[in-house]
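In this chain, numbering begins with 1 at the start of the sequence shown. This is a predicted model, so every value here is computed, not measured.
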Amino acid sequence: MALFNFLTQEIAIDLGTANTLIIHNDKVVVDEPSIVAIDRKTDKVVAVGKRAMQMHEKTHENLKTVRPLKDGVIADFKAAESMIREMINRIYGQKKPLFPPRYRMVICIPSGITEVEKRAVKDSAEQAGGQDVKMIHEPMAAAIGIGIDVEEPNGNMIIDIGGGTTEIAVIALSGIVCDQSIRVAGDEFTLDIVDYMRRQHNMLIGERTAEMIKINVGSALTDIDSPPDDYAVNGRDLMTGIPKQIIVSYSEIAHAIDKSISKIEEAILKALETTPPELAADIFKTGLYLTGGGALLRGLDKRISQKTKLPVHVAEDPLRAVVRGTGIALKKMDTFTFLMDE
Ligand SMILES: Nc1ncnc2c1ncn2[C@@H]1O[C@H](COP(=O)(O)OP(=O)(O)OP(=O)(O)O)[C@@H](O)[C@H]1O
Ligand SMILES: [Mg+2]
């Protein structure tokens with residue numbers, strides 16, 4: 001029996017637009033950006049994760065970087081499969097097992113996904129070595145990950161703001177009662193910043209620089225209590241073509257991303273409107289839970305709270321809530337009714 005246990009490994013995967021995380025033996029063993037670098041001539045994968053991210057937007061004609069997911073779903077099947085396979089291999093580091101193990105896995109998917117998109121996730125997980133692959137909706141995993149007892153007859157609203165999608169779901173009695181999924185999230189904020197720098201400062205910047213701006217001085221409000229220092233941005237002048245530096249403040253960036261945040265607010269209001277009254281009563285008491293990397297944006301909790309007049313809680317370690325919940329679902333694979341086979 002021990003031998004078979006050794007051969008069958010259990011893993012939980014959060015395959016995200018921005019980041020992919022894997023839990024094995026209760027530990028997060030992989031936490032890497034979802035990106036692969038590919039040699040254009042041979043079609044071989046040159047690098048995956050952090051290393052590939054370092055190459056992003058710096059490649060020459062023989063090399064390209066691919067983000068296999070877009071808006072929460074697989075956009076490049078082959079790249080996704082190579083990425084998952086490579087990341088699973090990293091579980092063992094240098095100590096590769098003698099026999100390739102079989103994997104039982106739980107992998108999460110956005111709640112707004114189509115049947116075809118769902119099939120693509122399952123197929124790539126199987127291609128990458130998964131034998132018994134179950135799926136879980138991302139907001140459900142997030143709820144479990146932040147410690148909510150999803151089987152209780154209490155309504156809870158989860159707002160997961162990732163890279164590609166914002167998913168808003170009301171969860172009760174092991175199911176998603178109502179949800180809204182929009183393709184506006186962290187990536188969109190980043191694009192807003194690229195756009196803003198071009199229009200306002202005549203400056204071209206790359207995606208990674210825009211993301212650094214977002215993390216260092218991004219804000220959902222133009223006026224916050226403990227503001228971050230201004231931030232120096234390097235890029236290329238649109239007029240002269242020469243590299244230059246511009247200093248930006250958080251309130252400028254708040255203006256740049258304001259419209260996208262309004263779209264998220266609208267989706268939250270829509271989700272609240274469609275919530276059955278008994279569950280709305282629960283949510284009035286407990287408030288809203290924010291997860292995903294977008295939850296880290298300065299002032300976002302306050303802004304949503306002002307808009308909805310409800311308390312807003314930011315999950316502890318919001319970037320890992322989904323994978324933690326997926327890991328718990330993995331352990332209860334046989335009893336959780338909401339895990340999907342297909
Ligand atoms: N401190 C921060 N402030 C603002 N945004 C942040 C911060 N840290 C990370 N992010 C953003 O969070 C996003 C990634 O979040 P997360 O890892 O939850 O997404 P994902 O699960 O990969 O995407 P999805 O769930 O949409 O498929 C990125 O857009 C990243 O720029
Ligand atoms: Mg996610």
Side-chain angles (χ1 to χ4, degrees), residues 72 110-112 137-186 188-189 214 218-227 250-251 254-255 257-322 324-325 338:
S111 54
H137 282 133
E138 216 173 340
M140 181 64 91
I144 297 169
I146 60 180
I148 291 172
D149 190 344
V150 295
E151 291 168 312
E152 286 298 303
N154 293 321
N156 285 288
M157 181 175 277
I158 312 295
I159 303 163
D160 179 78
I161 307 172
T165 54
T166 295
E167 308 232 353
I168 304 150
V170 175
I171 289 169
L173 294 168
S174 302
I176 295 177
V177 182
C178 52
D179 68 322
Q180 290 285 325
S181 174
I182 57 166
R183 298 189 168 187
V184 176
E188 198 70 20
F189 303 159
K214 180 175 71 178
S219 170
L221 294 166
T222 48
D223 189 8
I224 51 179
D225 293 338
S226 40
Y250 80 92
S251 43
H255 277 296
I257 60 179
D258 179 60
K259 281 212 182 76
S260 296
I261 294 175
S262 296
K263 287 183 193 153
I264 292 176
E265 284 179 329
E266 275 164 37
I268 295 171
L269 293 178
K270 221 187 264 169
L272 287 168
E273 264 171 39
T274 53
T275 304
E278 286 299 333
L279 296 174
D282 293 341
I283 292 167
F284 180 79
K285 276 181 267 167
T286 49
L288 314 177
Y289 296 93
L290 281 186
T291 66
L296 292 167
L297 186 71
R298 282 174 198 81
L300 185 61
D301 50 344
K302 195 167 167 196
R303 178 161 165 175
I304 295 173
S305 180
Q306 283 168 355
K307 187 84 185 177
T308 58
K309 315 262 181 328
L310 294 169
V312 175
H313 318 281
V314 177
E316 187 187 316
D317 203 0
L319 284 157
R320 291 189 169 188
V322 168
R324 256 189 273 123
F338 45 81

Any pair with a residue in residues 137-186 that passes ring-ring contact (aromatic ring centres under 6.0 Å, His included), sequence neighbours left out, goes on the list, sorted by first then second residue, please.
-> none
Might you work through the side-chain contact (heavy atoms from CB on, under 4.5 Å) test for Ile224 and Lys302, ending with a clear yes or no?
-> CA-CA 9 Å; Ile224 51 179; Lys302 195 167 167 196; over 6 Å; no
Can you give the donor-acceptor pairs under 3.5 Å from side chains of residues 157-173 to other protein atoms, not counting sequence neighbours?
residue : atom : partner : partner atom : Å
Asp160  : OD1  : Thr291  : OG1          : 2.8
Asp160  : OD1  : Gly292  : N            : 3.4
Thr166  : OG1  : Val184  : O            : 2.6
Glu167  : OE1  : Ser111  : N            : 2.8
Glu167  : OE1  : Ser111  : OG           : 2.5
Glu167  : OE2  : Ser111  : N            : 3.3

Say you draw a straight line from CG of Leu272 to SG of Cys178; how long is it, rounded to the nearest 0.5 Å?
-> 8.5 Å
Kindly indicate, with the supporting measurements, whether the criterion side-chain contact (heavy atoms from CB on, under 4.5 Å) is fulfilled by Asn156 and Asp282.
-> CA-CA 7 Å; Asn156 285 288; Asp282 293 341; over 6 Å; no
Has Gln306 got more than 12 heavy atoms of other residues, nucleotides or ligands less than 6.0 Å from its CD?
-> yes
Compile the donor-acceptor pairs under 3.5 Å between side chains in residues 307-315 and protein atoms, sequence neighbours left out, one pair per line.
residue : atom : partner : partner atom : Å
Thr308  : OG1  : Ile304  : O            : 2.8
Thr308  : OG1  : Leu310  : N            : 3.3
His313  : NE2  : Thr286  : O            : 2.7

Does any N or O in the side chain of Tyr289 come within less than 3.5 Å of the main-chain N or O of Ile148, such that one atom is a donor and the other an acceptor?
-> no
Minimum side-chain heavy-atom gap Ile264-Leu300 below 4.5 Å | no
Enter the distance from Arg320:CZ to Asp317:CG here, rounded to the nearest 0.5 Å.
-> 6.0 Å
Where is the tightest heavy-atom contact between Gln180 and Ala267, given as atom of each residue plus distance?
-> CG-O, 3.6 Å
Do Arg298 side-chain atoms and Ser219 backbone N/O form a donor-acceptor pair below 3.5 Å?
-> no
Got a sec, which pairs hit salt bridge (charged side-chain N to carboxylate O under 4.0 Å, His left out) with one end in residues 260-273, sequence neighbours left out?
-> Glu265-Arg303
Let me see the working for Leu279 and Phe284 under side-chain contact (heavy atoms from CB on, under 4.5 Å), right down to the final yes or no.
-> CA-CA 9 Å; Leu279 296 174; Phe284 180 79; over 6 Å; no
Are Leu296 and Pro318 side-chain neighbours, meaning at least one heavy-atom pair lies under 4.5 Å?
-> yes
What are the two closest heavy atoms between Val150 and Ala143, and how far apart are they?
-> CG1-CB, 3.8 Å
Tightest non-hydrogen contact, residues Glu151 and Ser174, listed as CG-OG, 3.1 Å
Looking only at heavy atoms, the pair that brings Pro139 and Ile176 closest together is CG-CD1, 4.3 Å
Considering only heavy atoms from C-beta outward, does the side chain of Pro276 approach that of Val177 to under 4.5 Å?
-> yes
Contact summary for Ile257 and Phe189, nearest pair of heavy atoms | CG2-O, 3.6 Å
Among pairs that include at least one residue of residues 258-280, which meet ring-ring contact (aromatic ring centres under 6.0 Å, His included), considering only residues two or more places apart or in two chains?
-> none
What are the two closest non-hydrogen atoms of Tyr250 and Thr222, and how far apart are they?
-> OH-O, 3.3 Å
Which pairs count as ring-ring contact (aromatic ring centres under 6.0 Å, His included) when at least one residue sits in residues 138-169, sequence neighbours excluded?
-> none
